[in-house]
Each structure stands twice: as C-alpha cells, then as structure tokens.
Amino acid sequence: MDQKMPLKLPRYVFRRANGSYRYKRNVPKALREVIPKATVYRQLGESYDEAIRRLPVVHAEIEALFDQERNTPSSVRAKSLVREHLGAWHADVFADGVVEPEWDITDDFRELAERIQGSTPADVVRQVGSARLKPEPMTLHRVLTEYCAYKCDGSVEHTDLKTRIERIRKDLVIVLGKNRVEWTPLAEINRADANTFRDYLLNRMAPNSVLRTLGVIKAAMNHVIIENDLEQRNVFQGIKIKGAGASKDDRLPMSDAQLEALLPEYQSNPAAYALLITLADSGARLAEIVGLEANDIDHEAGCLHIRHNTLRRLKTKTSERTIPLSPRAIACLKQQQAQALGTDPIFPQYARPRGSDAASAMMMKRLRTQISDPKVTTHSLRHRMKDKLRNTGCPEPISLAILGHSTNTVAANYGSGYALEVMREQMDRVWG
C-alpha cells in the first residue's frame with residue numbers, strides 16, 4: 001500500500017484493485033437526459049501523489065462539463081441532434097426556420113422526435129418534432145456578434161475594432177465563463193458581472209484603457225437593446241473606474257527646447273522627420289498624418305485635408321477638417337510624396353493594418369534618446385500646439401477647429417467651418 005495515502009481518500013477519489021486512482025462522480029439527476037450515463041470517470045494516476053496533483057484539474061473539468069450541459073439552450077441541442085441524425089441540409093433549413101408543415105421532410109423531424117423521446121429533454125423533443133426552433137436568448141456573445149456585424153464591414157479601417165471586439169469576447173469568457181457569455185440570457189447578466197470584468201481589466205490595463213474597452217461593450221449593448229426593443233438596462237453603463245478620465249498630467253506638452261533637441265535624431269530618416277515636423281506644426285493626431293494619401297495634400301493652397309480615406313478611419317466626426325500647413329511641413333511632405341498621386345499613401349511603409357502603431361514605435365524610439373520623462377510622448381506635440389494656440393490668443397472655437405475637437409454644441413454642426421485664412425492667421429503666430 002502507498003505509505004503516503006491517508007486512511008480516507010478525498011471526495012470523488014477511489015483506488016482501483018490494480019493500485020491506480022480514479023475520479024468518480026455521479027451525474028446529477030437533472031442532467032441524466034443530456035449526459036447518457038449515470039457516472040463519469042477520469043483517470044487520476046498510478047500514485048497517490050500524482051492523483052492529488054491532478055485532482056483539482058479533473059474536478060474543474062467535470063464541473064465545467066456539468067455547467068455547460070446545464071446552460072446549453074434547448075435550441076442548440078435540437079440543432080445538434082438534427083445535424084447528427086438527419087444531415088446538414090435538414091439542419092440548415094431547421095436553423096433557418098423555413099420548414100413548412102406540408103413539406104414531406106416534416107415526417108423526418110417527427111420520426112426523429114419519436115426516437116429521442118425519453119432520452120432527451122422534452123423541450124428539445126418538441127422543437128425537433130415541430131421542426132420549429134425556439135428563438136435563442138440574447139446573450140453577451142450575440143451582443144458582440146451583432147454589433148461587430150453592424151460596425152465592421154471587412155474594410156481595413158474596421159480591422160482594429162473587430163480585433164478589439166474579439167479580444168473583449170475572449171476576456172469575458174475568461175472572467176465570466178463560456179456558459180455565461182454564450183448561453184446565459186442577457187437579462188440575467190448583472191452589474192456584479194460588469195464590475196468583475198472591469199476589475200479583471202484593471203489588473204492589466206491603465207484606467208483609461210479600461211474606459212475605452214468598456215466603451216465598446218457599452219456601445220454594443222446599447223445598439224442591441226435599441227435594435228431588438230429590449231426592456232432592460234445596460235449593466236455596463238456608468239461603471240466607475242478609479243483613475244480614469246482626462247488629466248492635465250496624463251501627457252505633458254513638449255517644450256520648444258525639447259523639440260529642437262529631437263530634430264537631429266529624426267533627420268537621418270526622411271519619413272520620421274516629415275512626421276515630426278508635420279505633427280509639431282499642425283497639432284494633428286499621429287494616425288491622421290500616417291494615413292495621408294497624396295490627394296489629401298494641397299501644395300498650392302498650402303493646406304492639409306484630414307478626411308476619411310481608404311487607409312484609416314477618423315476618431316470622431318469633427319476630426320474631418322482642412323488646416324493650414326507651415327512652409328517647412330509643406331517641404332517635408334512634398335519630399336515624402338515623391339511620385340505618389342491620387343490615393344497613393346504618403347507614408348507607404350505604414351499603409352497597413354496597425355501601421356500607425358508601428359509608426360508610433362519608430363517615433364518613440366527616437367524620442368526616448370533625448371527625452372526620458374514618461375509623460376512626454378509623440379502625442380505631446382498635440383498638447384504643445386494646444387498650449388501654443390492658447391498662449392498666442394487664439395479664440396477657443398478656432399483652436400478646436402484646428403485640432404479637430406468637438407465643441408459639443410448643435411450649432412457647431414452648421415456651416416462649413418472656419419475659413420482657411422482665419423486658421424492660418426492664428427497658426428502663423430504659433431509658427432513664428
């Protein structure tokens with residue numbers, strides 16, 4: 001006998017006659033119709049120590065199996081049985097809900113229902129016998145799927161959002177479990193679930209990143225609630241995230257001295273230098289400049305059209321704008337443009353999914369050779385322009401128009417915006 005084995009083994013563990021150890025668990029009575037056996041077994045190992053090491057894993061596996069069977073909707077079981085016994089074509093028309101009572105194939109469904117009677121839950125038998133599926137409940141999984149189908153049309157500009165939605169789906173499964181995400185009705189998802197998800201994200205993300213992530217699922221929930229006329233609240237609405245929100249200390253503006261110190265680090269790379277100068281003299285977002293096409297630059301008028309194109313989407317509706325370019329920015333972009341025409345990218349090396357991330361990494365690598373302060377980044381050039389406009393007396397509405405910020409007023413949506421020369425007058429003071 002194994003000398004380390006206690007007189008009483010842990011629950012669900014027994015020792016076989018050959019000395020090995022097994023996990024033995026009776027199937028709950030409520031699940032006997034869907035798990036075709038009264039007892040489930042799993043091998044634990046040849047020694048007591050090995051059995052004890054494997055016990056938590058095996059126990060969790062069996063618990064997950066029971067949990068999955070408890071929460072699998074009857075419609076899912078019905079579709080699976082039809083596909084298994086009648087084939088793919090029957091399963092497809094069954095799932096699409098197009099089987100008519102007068103069709104000959106209805107006999108196939110009735111006969112299958114008779115065969116599975118007594119060994120399958122009654123609700124599943126009813127759905128198979130009637131060749132009619134009961135509508136599946138709205139779930140978190142369906143929320144994200146429907147929102148992704150609505151927002152993402154397969155274009156490059158929506159790749160990031162699609163990736164983020166898929167990441168959210170995986171994280172929800174990790175936190176709440178597959179059953180609660182895929183099969184639990186949305187009405188049963190509560191605020192505690194939402195807060196648990198928030199806490200999980202806070203363990204690996206900055207508060208503002210958590211805010212953005214929850215913003216996606218909140219928008220998805222709102223979309224589904226409205227489109228499906230659901231009478232329930234959005235449990236992801238108004239979640240409190242300590243430390244989130246804009247702060248004047250999140251990013252520091254870059255000083256003139258810091259910018260001058262950076263210039264030599266970027267001059268060896270024409271693309272890097274063009275990006276640095278354009279960002280510094282326009283206050284635009286990095287993604288807006290990285291995603292420029294040749295026809296977005298008007299050299300004759302000396303301006304830049306920041307608008308939707310095939311390379312990237314804009315952050316907000318008010319991000320679409322036309323702003324003046326400084327003479328040195330025009331020179332840099334003209335050199336970078338070379339033979340590019342029409343929709344050709346100005347920065348072809350970054351004209352790809354997540355290209356702006358690659359550009360950001362390249363810019364930051366050079367920036368950190370001169371500036372170690374973590375609050376000064378490439379985005380600090382945008383803060384620099386905001387301060388410059390403020391300190392040279394630029395009216396706030398014009399500053400917002402230059403930077404592509406929303407004014408949060410209905411009136412701001414009327415008209416075509418400020419004239420180019422009005423903005424140039426203010427920016428000339430910044431450029432000196």
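Across all their heavy atoms, Ala220 and Leu144 have their closest contact at CB-CD2, 4.3 Å. Here the shortest heavy-atom pairing between Cys394 and Ser399 reads SG-N, 3.7 Å. Closest heavy-atom contact between Ile402 and Ser282: CG2-O, 4.1 Å. Here the closest non-hydrogen pair linking Thr377 and Leu367 is C-CD1, 3.7 Å. The shortest heavy-atom contact between Pro348 and Gln336 is CD-NE2, 4.5 Å. Closest approach of Tyr21 and Ser47 over heavy atoms only: CE1-C, 3.4 Å.
Considering CD1 of Ile168 and NZ of Lys170, their distance stands at 12.5 Å, rounded to 0.5 Å. Leu325 CG to Met427 CE: the interatomic distance, rounded to the nearest 0.5 Å, is 8.0 Å. One distance of note links OG1 of Thr322 with CG of Leu304; it measures 8.0 Å at 0.5 Å rounding. If you take CG on Leu161 and NZ on Lys151, they are separated by 7.0 Å, rounding to the nearest 0.5 Å. To the nearest 0.5 Å, the span separating CG on Leu389 from CE on Met423 amounts to 11.0 Å. In this structure, the separation between OG on Ser360 and OH on Tyr350 is 10.0 Å, given to the nearest 0.5 Å.
Annotation: side chain of Val175 is not in contact with side chain of Asp199 (no heavy-atom distance under 4.5 Å). Tyr200 places none of its side-chain heavy atoms less than 4.5 Å from the side chain of Thr196. For the pair Glu293/Pro345, no side-chain contact is recorded, criterion being any heavy-atom separation below 4.5 Å from C-beta on. Counting heavy atoms from C-beta on, the side chains of His379 and Leu286 never come closer than 4.5 Å. In this structure, the side chains of Leu279 and Arg382 stay at 4.5 Å or more apart for every pair of heavy atoms. For the pair Leu333/Phe347, a side-chain contact is recorded, criterion being any heavy-atom separation below 4.5 Å from C-beta on. With contacts defined as side-chain heavy-atom distances shorter than 4.5 Å, the pair Ile52/Pro10 qualifies. A heavy-atom distance below 4.5 Å is not found between the side chains of Asp296 and Ile306.
Around CZ of Arg368, the count of heavy atoms belonging to other residues, nucleotides or ligands within 6.0 Å exceeds 12. A 6.0 Å sphere centred on CD of Gln339 holds no more than 12 heavy atoms belonging to other residues, nucleotides or ligands. Heavy atoms of other residues, nucleotides or ligands lying less than 6.0 angstrom from CG of Asn18 number more than 12.
Judged purely by atom type and a 3.5 angstrom limit, Asn234 uses its side chain to pair as donor or acceptor with the backbone of Lys218. In this structure a side-chain-to-backbone donor-acceptor pair under 3.5 Å is missing from Arg110 to Ala131. Using modelled atom types, no side-chain atom of Ser380 and backbone atom of His383 make a donor-acceptor pair closer than 3.5 Å. With hydrogens and angles ignored, the 3.5 Å screen pairs a side-chain donor or acceptor of Asp193 with a backbone N or O of Asn190. Side chain of Asn228 to backbone of Val224: a donor-acceptor contact under 3.5 angstrom is found. Looking at Glu100, its side chain never comes within 3.5 Å of a backbone N or O of Trp103 through a donor-acceptor pair. Between the side chain of Arg180 and the main chain of Glu188, a donor-acceptor pair closer than 3.5 Å is present. Judged purely by atom type and a 3.5 angstrom limit, Thr278 has no side-chain atom pairing as donor or acceptor with the backbone of Leu275. Between the side chain of Arg15 and the backbone N or O of Gly19, at least one donor-acceptor pair lies under 3.5 Å. Put simply, the side chain of Arg54 never gets that close to the backbone of Gly45: no donor and acceptor are under 3.5 Å apart.
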As a quick check of understanding, evaluate side-chain hydrogen bond (donor to acceptor under 3.5 Å, both in side chains) for His305 and Glu320, giving each step before the final call. CA-CA 8 Å; His305 301 293; Glu320 188 165 330; over 6 Å; no
Would Thr139 and Arg142 satisfy side-chain hydrogen bond (donor to acceptor under 3.5 Å, both in side chains), going step by step from the backbone distance to the final call? CA-CA 5 Å; Thr139 63; Arg142 281 189 62 192; 5.6 Å; no
Step-by-step side-chain contact (heavy atoms from CB on, under 4.5 Å) determination, Phe66 to Val40: CA-CA 11 Å; Phe66 290 167; Val40 291; 4.2 Å; yes
Report the C-alpha distance between Glu61 and Arg25 in whole Å, list the side-chain angles of each, state the deciding distance to 0.1 Å, and finish with yes or no for salt bridge (Lys or Arg N to Asp or Glu O under 4.0 Å). CA-CA 12 Å; Glu61 175 191 325; Arg25 181 83 176 271; over 6 Å; no
Step by step, work out the salt bridge (Lys or Arg N to Asp or Glu O under 4.0 Å) result for Arg204 and Asp171. CA-CA 11 Å; Arg204 63 182 181 84; Asp171 284 340; 2.2 Å; yes
Verify side-chain hydrogen bond (donor to acceptor under 3.5 Å, both in side chains) between Tyr23 and His59, making sure each step is shown before the conclusion. CA-CA 8 Å; Tyr23 181 96; His59 182 68; 2.8 Å; yes
Can you check side-chain contact (heavy atoms from CB on, under 4.5 Å) on Arg22 and Leu44, steps first, answer last? CA-CA 5 Å; Arg22 296 187 81 183; Leu44 290 174; 5.7 Å; no
Just do the side-chain contact (heavy atoms from CB on, under 4.5 Å) check on Arg191 and Ile239 with the steps written out, would you? CA-CA 9 Å; Arg191 188 61 164 218; Ile239 291 182; 3.9 Å; yes
Let's go through Thr343 and Asn309 carefully: what are the C-alpha distance in whole Å and the side-chain angles of both, what is the deciding distance for side-chain contact (heavy atoms from CB on, under 4.5 Å) to 0.1 Å, and is it a yes or a no? CA-CA 8 Å; Thr343 59; Asn309 62 32; over 6 Å; no
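Counted by atom type alone, Arg77 and Ser74 present zero donor-acceptor pairs between their side chains at under 3.5 Å.
Classification of Glu182 and Arg169 as a salt-bridged pair fails, no side-chain N sitting under 4.0 Å from a carboxylate O. Using a 4.0 Å cut-off between a side-chain N of Lys or Arg and a carboxylate O of Asp or Glu, Asp49 and Arg53 do not qualify as a salt bridge. Ion pairing of Arg321 with Glu288 is present here, as a side-chain N (NZ or NE/NH1/NH2) and a carboxylate O approach within less than 4.0 Å. Using a 4.0 Å cut-off between a side-chain N of Lys or Arg and a carboxylate O of Asp or Glu, Lys386 and Glu396 qualify as a salt bridge. Classification of Arg390 and Asp387 as a salt-bridged pair holds, one side-chain N sitting under 4.0 Å from a carboxylate O.
If you look at Phe109 and Phe94, their ring centroids are closer than 6.0 Å.
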